[in-house]
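Worksheet: the structure to be examined is printed underneath.
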Number of protein chains: 2
Amino acid sequence: MEYTQQSGPREPDVPATREQVAEALEQLAFLAVRHLTNRDISFTAASTLGRLSREGPSRLTALAADEGVTQPSMTQLIQRLERQGLVTRVDDPQDGRVVLVAITDAGRELLAERRRGRTNRLAELLATLSPEDQQALATAVHAAAPAFQRLVDNAARARKAPGSTAS
Amino acid sequence: MEYTQQSGPREPDVPATREQVAEALEQLAFLAVRHLTNRDISFTAASTLGRLSREGPSRLTALAADEGVTQPSMTQLIQRLERQGLVTRVDDPQDGRVVLVAITDAGRELLAERRRGRTNRLAELLATLSPEDQQALATAVHAAAPAFQRLVDNAARARKAPGSTAS
DNA sequence: TAGATTTATATCATGCCTCTATATAGGCAG
DNA sequence: CTGCCTATATAGAGGCATGATATAAATCTA
């Protein structure tokens, strides 16, 4: 497929323009949202549970800030999660105002279950591809993994210190 | 190329396990929702607008089926979109029951704007990577593009004819 | 120490988005 | 005309987010 690179390096193996990368990542994102999403709990709920699982008991406001939602939203979310038995709330003896939120065993089990579900759906999807295509995808993922991991880390970091063109 | 599914291939160049591919897609979904999402309209709303843009005026029930939501949900969504001036509703002269939904110019502009926003944010994100990492991502995207496209197509098709392990 | 301020969380009202159950209305077959 | 099927709308409920505001504990300050 032809494509012009504007004053680009004349190397014949130039792989993809930034727009193509953006396009591919968008499609990938669409696929992920459309076919890999569980309907049981919301994205923020799952992300919060994952954070509590990784980082231990946390304050409501800290969770809200980390998840990028308002404090009232997090209060409501935690109330729902508590009702579902996925988290518990413990008063902080040091500070009477704060409430520490912790994930329960049921919460961890839900996370594991969701993970299994996604992996299974993905496996089904991959199974529809030819072995050559599967191989190509696996190779690409393997090659891109370190760079992609850094991209994700940078994205998380950019969230804490907002930059120039935040929408 | 021979390729055994389980009972692990002993080849030294095995590129990525299915778990690694799943992991990468999960992280990507997270990245996409967290950093590439506009807050203006919902995912279903944007997807519906995109469909109307690509495929022209459609019936409510067809939209609902394609987007995987119930008909009442789509009715409400279209009502909201109409209130925002992003779609119009036209009665079908052939069949007094049906309503044809069409995207407006404002709707198309919103889609374009959202796309610009995502591409810009993604470009900012990519710019945080080293040239080597950018190259690695671009190469991987280029290599995986055809296989990935087929994966996306199969996923869309699988939605219409639900298979065995639907969650 | 008393009063003001800040901090952590909760509550309220509102709107989006989805669901299930049901209603309305047009098309069609007998 | 009667009855059924189809396309859309409405009602009621709950999840999920918001901004505005209330409450209570901690902390600063005069």
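This structure is a prediction, so every number in the text was calculated from the model and none was measured. Every chain is numbered from 1, with letters handed out A, B, ... down the list of sequences.
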Atom pair distance, as rounded to whole Å: [atom1] in [X] and [atom2] in [N]:
{"X": "L77(B)", "N": "dT18(C)", "atom1": "CG", "atom2": "P", "answer": "6 Å"}
{"X": "E67(B)", "N": "dT18(C)", "atom1": "CD", "atom2": "P", "answer": "9 Å"}
{"X": "R39(A)", "N": "dC16(D)", "atom1": "CZ", "atom2": "P", "answer": "13 Å"}
{"X": "L81(A)", "N": "dG14(D)", "atom1": "CG", "atom2": "P", "answer": "17 Å"}
{"X": "L63(A)", "N": "dA10(C)", "atom1": "CG", "atom2": "P", "answer": "12 Å"}

Which side-chain N or O atoms in residues 67-74 of chain A pair as donor and acceptor under 3.5 Å with protein atoms at least two apart or in another chain?
unit_1: E67(A); atom_1: OE1; unit_2: S47(A); atom_2: OG; d: 2.7
unit_1: E67(A); atom_1: OE1; unit_2: R34(B); atom_2: NH2; d: 2.7
unit_1: E67(A); atom_1: OE2; unit_2: S47(A); atom_2: OG; d: 3.2
unit_1: E67(A); atom_1: OE2; unit_2: R51(A); atom_2: NE; d: 2.7
unit_1: E67(A); atom_1: OE2; unit_2: R51(A); atom_2: NH2; d: 3.4
unit_1: T70(A); atom_1: OG1; unit_2: S73(A); atom_2: N; d: 3.4
unit_1: T70(A); atom_1: OG1; unit_2: S73(A); atom_2: OG; d: 2.8
unit_1: Q71(A); atom_1: NE2; unit_2: T75(A); atom_2: OG1; d: 2.9

Quiz prompt | ILVMFWY clustering at 4.5 Å (side-chain atoms), partners of L100(B) | solution = none
Exercise. Using the ring pair (Phe, Tyr, Trp, His ring centres under 6.0 Å) rule, collect all pairs that involve residues 88-115 of chain B, keeping only residues at least two apart or in two chains.
Key: none
Quiz item: Restricting to pairs with a member in residues 35-61 of chain A, which pass ring pair (Phe, Tyr, Trp, His ring centres under 6.0 Å), not counting sequence neighbours?
Solution: F43(A)-F30(B)
[X] side-chain N/O to [N] phosphate OP1/OP2 under 4.0 Å:
{"X": "R80(A)", "N": "dG14(D)", "value": "no"}
{"X": "T70(B)", "N": "dT18(C)", "value": "no"}
{"X": "S73(A)", "N": "dC16(D)", "value": "no"}
{"X": "S42(B)", "N": "dC17(C)", "value": "yes"}

All N/O contacts under 3.5 Å from nucleotides 8-11 of chain D to the protein, with atom names and distances to one decimal?
unit_1: dT8(D); atom_1: OP1; unit_2: V99(B); atom_2: N; d: 2.7
unit_1: dT8(D); atom_1: OP1; unit_2: V99(B); atom_2: O; d: 3.1
unit_1: dT8(D); atom_1: OP2; unit_2: T61(B); atom_2: N; d: 3.1
unit_1: dT8(D); atom_1: OP2; unit_2: T61(B); atom_2: OG1; d: 2.9
unit_1: dA9(D); atom_1: OP1; unit_2: R89(B); atom_2: NH1; d: 2.7
unit_1: dA9(D); atom_1: OP1; unit_2: R89(B); atom_2: NH2; d: 2.5
unit_1: dA9(D); atom_1: OP2; unit_2: T75(B); atom_2: OG1; d: 3.3
unit_1: dA9(D); atom_1: N7; unit_2: Q71(B); atom_2: NE2; d: 2.7
unit_1: dA9(D); atom_1: N6; unit_2: Q71(B); atom_2: OE1; d: 3.2
unit_1: dT10(D); atom_1: OP2; unit_2: Q79(B); atom_2: NE2; d: 3.4

Exercise. Answer yes or no: is there an ion pair linking R118(B) with E113(B), defined by an N-O contact shorter than 4.0 Å?
Key: no
Quiz item: When the nearest nucleotide of DNA chain D is assigned to V69(A) and to Q94(A) on a heavy-atom basis, which residue is associated with the more 5' position?
Solution: V69(A)
Self-check item: Atom CZ of R108(A) with >12 non-hydrogen neighbours under 6.0 angstrom
Solution: yes
Practice problem: Check DNA chain C against residues 111-118 of chain A and give the residues with a non-hydrogen atom under 4.0 Å, in numerical order. | Solution: none
Quiz item: Sequence neighbours excluded, which residues qualify as salt bridge (charged side-chain N to carboxylate O under 4.0 Å, His left out) partners of R114(A)?
Solution: D40(A)
Practice problem: State which residues pass salt bridge (charged side-chain N to carboxylate O under 4.0 Å, His left out) with R89(A); sequence neighbours excluded, sorted by chain then number. | Solution: E82(A)
Quiz prompt | Pairing residues for F148(B) by the ring-ring contact (aromatic ring centres under 6.0 Å, His included) criterion, not counting sequence neighbours | solution = none
